[in-house]
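Presented below is the structure to which this report refers.
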Amino acid sequence: MYATLQTIHSYWAYFVLLVLLAAAVNALLGKAQGKIFGQKDLRISLFGLIFSHIQLLIGLVLYFVSPWFQQWSALGVSGVMKDPQTRLYLVEHPTTNILVILLITMGWSMHKRQTTDAKKFLRIGLFYSLGLLLLLSRIPWDAWL
Ligand code: HEM
């Protein structure tokens with residue numbers, strides 16, 4: 001169960017990063033070039049939303065079945081916070097990424113309420129880019145690549 005989830009979470013991360021990058025760049029270009037917000041733009045933004053939500057669900061289950069979770073009882077709260085790697089896996093990566101999903105969801109729902117194409121692109125572009133940057137800042141790169 002743990003190994004399967006870890007593998008899925010690890011590979012799914014590539015899709016999440018790629019789709020979010022594509023959606024953010026597409027929206028910023030759309031805004032800069034004064035394009036019309038069409039079906040393609042809607043779809044790519046929706047894929048970003050769905051892919052990242054799926055990763056959130058996998059991550060939430062993985063959190064409790066991962067051997068990292070046992071470090072809470074082994075080290076205690078202060079022990080976890082003192083060790084940078086344990087803190088990254090148990091605190092920073094999960095909390096930052098939950099915030100990231102929140103930002104992406106906000107960008108998605110705000111774009112729907114906008115009346116002009118430029119504003120739709122801007123909401124997706126800003127919120128997805130910020131989410132992506134935060135996400136990249138808290139990936140356990142050493143273990144992943
Ligand atoms: C939504 C965006 C997320 C992305 C792109 C992402 C990406 C990653 C990546 C690349 C790794 C390293 C995988 C490896 O070692 O091969 C990882 C590990 C991990 N992630 Fe996430 N993650 C996300 C969200 C979450 C969330 C929300 C949680 C928990 C609430 C979570 C929990 C974990 C845990 C516990 C590990 C360590 C698994 C282990 O090695 O035992 N992730 N994540």
Side-chain angles (χ1 to χ4, degrees), residues 1-32 35 37-114 117-145:
M1 160 91 161
Y2 162 63
T4 313
L5 276 181
Q6 202 227 20
T7 308
I8 298 173
H9 192 70
S10 182
Y11 282 109
W12 196 254
Y14 287 103
F15 293 118
V16 176
L17 292 183
L18 279 176
V19 179
L20 284 182
L21 180 69
V25 170
N26 177 69
L28 293 175
L29 281 179
K31 157 82 181 145
K35 287 187 177 165
F37 193 94
Q39 276 301 312
K40 182 203 77 175
D41 308 301
L42 185 88
R43 238 174 252 144
I44 192 168
S45 316
L46 184 59
F47 274 129
L49 180 83
I50 294 172
F51 275 49
S52 49
H53 274 81
I54 292 174
Q55 184 73 328
L56 169 75
L57 294 181
I58 303 168
L60 281 172
V61 182
L62 180 62
Y63 188 85
F64 296 101
V65 298
S66 162
W68 285 103
F69 188 65
Q70 289 151 21
Q71 295 298 312
W72 280 120
S73 40
L75 303 176
V77 176
S78 67
V80 166
M81 297 310 275
K82 271 185 205 140
D83 179 57
Q85 207 192 5
T86 319
R87 191 175 64 230
L88 175 66
Y89 277 101
L90 287 178
V91 183
E92 296 172 356
H93 177 78
T95 48
T96 308
N97 286 337
I98 289 170
L99 181 70
V100 165
I101 309 297
L102 226 102
L103 284 170
I104 290 167
T105 311
M106 280 169 69
W108 170 259
S109 26
M110 285 166 90
H111 107 274
K112 288 201 287 188
R113 277 183 264 127
Q114 305 308 311
D117 294 311
K119 283 183 180 171
K120 284 180 197 280
F121 277 128
L122 194 63
R123 295 304 179 279
I124 297 285
L126 284 183
F127 281 85
Y128 279 41
S129 303
L130 184 60
L132 187 60
L133 287 180
L134 278 175
L135 210 161
L136 291 174
S137 77
R138 287 298 173 271
I139 278 187
W141 292 105
D142 308 348
W144 189 39
L145 293 176

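Nothing here was measured: the structure is a model prediction, and the numbers come from that model. As the structure lists them, so they are numbered: ligands from 1, and atoms in each ligand from 1.
Distance alone, capped at 3.5 Å, is enough to place a donor-acceptor pair between the S73 side chain and the Q70 backbone. A side-chain donor-acceptor contact under 3.5 Å links W141 to the backbone of L136. Formation of a donor-acceptor pair under 3.5 Å by the Y2 side chain with backbone atoms of P67 is not found in this model. W144 contributes a side-chain N or O that, together with a main-chain N or O of S10, makes up a donor-acceptor pair within less than 3.5 Å. In terms of modelled atom types and a separation under 3.5 Å, the side chain of H53 and the main chain of L49 share a donor-acceptor contact. Although no hydrogens or angles enter the test, the distance criterion places no donor-acceptor pair under 3.5 Å between the side chain of Y63 and the main chain of F69.
Protein heavy atom closest to atom 14 (C) of ligand 1, with residue, atom name and distance, is S10 OG, 3.8 Å. For atom 30 (C) of ligand 1, the closest non-hydrogen atom of the protein is L60 CD2, 3.6 Å. Scanning all protein heavy atoms for the shortest distance to atom 23 (C) of ligand 1 gives N97 ND2, 3.2 Å. Nearest non-hydrogen protein atom to atom 5 (C) of ligand 1 is L135 CD2, 3.3 Å. Looking only at heavy atoms of the protein, atom 27 (C) of ligand 1 is closest to L56 CD1, 3.6 Å. With respect to atom 17 (C) of ligand 1, the closest heavy atom belonging to the protein is H9 CD2, 3.4 Å. Atom 39 (C) of ligand 1 has Y2 OH, 3.2 Å as its closest protein atom, hydrogens excluded (heavy atom only). When hydrogens are left out, the protein atom nearest atom 29 (C) of ligand 1 is G59 O, 3.2 Å; that is the closest non-hydrogen contact.
At a 4.0 Å heavy-atom cut-off, ligand 1 touches I101 through the side chain alone. When heavy-atom distances to ligand 1 are checked against a 4.0 Å cut-off, L17 has no atom that comes that close, whether in backbone or side chain. Heavy atoms from both the backbone and the side chain of A143 come within less than 4.0 Å of ligand 1.
Screening F37, F127, Y128, F121 against H111 for a ring-ring contact (aromatic ring centres under 6.0 Å, His included) leaves a single residue, F37.
Minimum interatomic distance between T96 and L134 (heavy atoms only, all atoms of both residues): CG2-O, 3.7 Å.
Every atom of ligand 1 with a heavy atom of Y63 under 4.0 Å away is listed here by number and element: 35 (C). Distances below 4.0 Å separate heavy atoms of S66 from the following atoms of ligand 1: 39 (C), 41 (O). The atoms of ligand 1 that sit less than 4.0 Å from any heavy atom of P94 are 29 (C), 30 (C).
Shown here is F47, whose CZ atom has no more than 12 heavy atoms of other residues, nucleotides or ligands within 6.0 Å. Heavy atoms from other residues, nucleotides or ligands lying under 6.0 Å from OH of Y11 number 12 at most.
Considering backbone and side-chain N/O atoms, H93 comes within less than 3.5 Å of an N/O atom of ligand 1.
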**OP:** Assess whether ring-ring contact (aromatic ring centres under 6.0 Å, His included) is satisfied between F51 and W12, documenting all intermediate values.
**Re:** CA-CA 8 Å; F51 275 49; W12 196 254; 4.9 Å; yes
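The option from T96, L90, L99, L62 that lies nearest to atom 36 (C) of ligand 1, judged by heavy atoms, is L62. Atom 4 (C) of ligand 1 has its nearest heavy-atom neighbour, among H53, Q6, Q55, in Q55.
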